[in-house]
Amino acid sequence: MSVISVRDLSTRFGEVWVHRGVNLELERGEVLALVGGSGSGKTTLLQQMIGLLQPAAGEIRLFGQPLYGGGRQREAALRRRFGVLFQHGALFSAFSVYDNIAFPLRELRLLDEDLIHDLVMLKLAMVELLPRHAHLMPAELSGGMVKRAALARALALEPELLLLDEPTSGLDPDRSDSFVQLIRMLGEELDLTVLLVTHDLATVTALATRVAVLAEQRILAIGSVEEIMQFDHPFMRSFFSGARGQRPPKTPD
């Protein structure tokens with residue numbers, strides 16, 4: 001059973017078609033990188049997978065279940081099985097780091113504050129933030145710390161599926177490499193299935209087990225990095241041989 005199944009999905013805004021007949025499967029345990037040119041609809045597709053946007057046509061299933069229908073309670077239970085790291089973190093600016101991470105736990109209305117405190121501290125440690133960082137406001141964080149705090153919130157409910165939108169966007173090369181290594185480590189330790197939208201070749205080669213290329217309003221190619229590199233298409237030639245490919249990713253010792 002696929003963790004995410006997208007079938008014959010089409011999207012349009014007014015008269016402009018973004019997707020036409022997109023098909024995509026994400027299997028349990030894999031890390032799938034979704035790449036494509038600017039304006040190709042990568043983030044739009046991710047937003048549809050998590051229910052923020054509805055396609056004009058087609059079907060999306062998570063864990064074998066339709067994303068929509070069956071009542072609010074069923075949909076809410078399905079959404080608790082995935083976590084999302086948005087491109088710029090999307091932390092609540094009026095909440096401390098602690099309250100940002102606690103927010104999804106409090107929304108459950110099942111946990112007391114002592115247990116929530118313990119879980120928040122655990123998630124902070126998982127993303128390599130210190131206890132003192134819990135009391136900082138988002139405006140007091142560096143770009144790398146924002147990403148880590150947002151990742152901790154995405155992992156708060158112990159999801160099976162993690163979706164990442166441009167996870168290294170805005171980070172310098174060293175912080176980007178460090179964050180990629182953290183994602184890889186957590187993915188392995190927590191047995192996560194991961195979908196990441198990215199334009200960064202170093203992130204793709206360091207994390208992805210498969211790559212899906214979104215171009216010409218559809219999934220043009222899907223396969224390993226090595227297989228995709230052999231695909232003769234202008235976007236692939238630019239992506240793998242352009243400036244993005246000049247900095248090799250760091251690999252663990």
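Below, each value reflects all heavy atoms present in this structure, side chains not excepted, and no hydrogens, waters or symmetry copies. In what follows, residues are counted from 1 in the order of the sequence shown.
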Does Asn23 use its side chain to pair, donor to acceptor, with the backbone of Gly21 at less than 3.5 Å? yes
For the pair His233 and Glu216, evaluate side chain to side chain donor-acceptor pair (under 3.5 Å) and give the outcome as yes or no after the intermediate values. CA-CA 11 Å; His233 186 272; Glu216 301 174 8; 2.9 Å; yes
Is it true that Asp191 and Arg28 make a salt bridge, defined as a side-chain N closer than 4.0 Å to a carboxylate O? no
Run the salt bridge (charged side-chain N to carboxylate O under 4.0 Å, His left out) check on Arg184 and Glu188 step by step: do they pass? CA-CA 6 Å; Arg184 181 170 53 212; Glu188 293 172 355; 5.2 Å; no
Side-chain donor or acceptor of Ser10 paired with backbone N/O of Ala57 under 3.5 Å: no
Would you say Leu182 ends up clustered with Val97 if hydrophobic residues are merged whenever their side chains have heavy atoms under 4.5 Å apart, either directly or through other cluster members? yes
Exactly one candidate in Val194, Leu34, Ile4, Val197 meets side-chain contact (heavy atoms from CB on, under 4.5 Å) with Leu163; the answer is Ile4
Could you walk me through whether Asn100 and Arg153 pass the side chain to side chain donor-acceptor pair (under 3.5 Å) test, one step at a time? CA-CA 7 Å; Asn100 266 280; Arg153 185 179 63 183; 3.1 Å; yes
Rounded distance [0.5 Å steps], OG in Ser38 versus NE2 in His199: 10.0 Å
Indicate if Leu124 and Leu115 have the same hydrophobic cluster label, given that clusters are the connected sets of ILVMFWY residues with side-chain heavy-atom separations under 4.5 angstrom. yes
Where do Glu107 and Arg109 land on the salt bridge (charged side-chain N to carboxylate O under 4.0 Å, His left out) test, with the steps shown first? CA-CA 5 Å; Glu107 285 289 290; Arg109 302 178 184 273; 5.1 Å; no
Under the criterion side-chain contact (heavy atoms from CB on, under 4.5 Å), I'd like the reasoning laid out for Leu108 against Leu157: C-alpha separation, chi angles, the key distance, then a yes or no. CA-CA 9 Å; Leu108 286 178; Leu157 297 180; 3.6 Å; yes
Check ion pair Glu113-Arg106 (N to O, under 4.0 angstrom): yes
Thr209 side chain to Val31 main-chain N or O, any donor-acceptor pair under 3.5 Å? yes
For the pair His117 and Tyr98, name the ring-plane relationship: parallel under 30°, tilted 30 to 60°, perpendicular over 60°. tilted
Please check if the side chain of Lys147 supplies one atom and the backbone of Gln87 the other of a donor-acceptor pair under 3.5 Å. yes
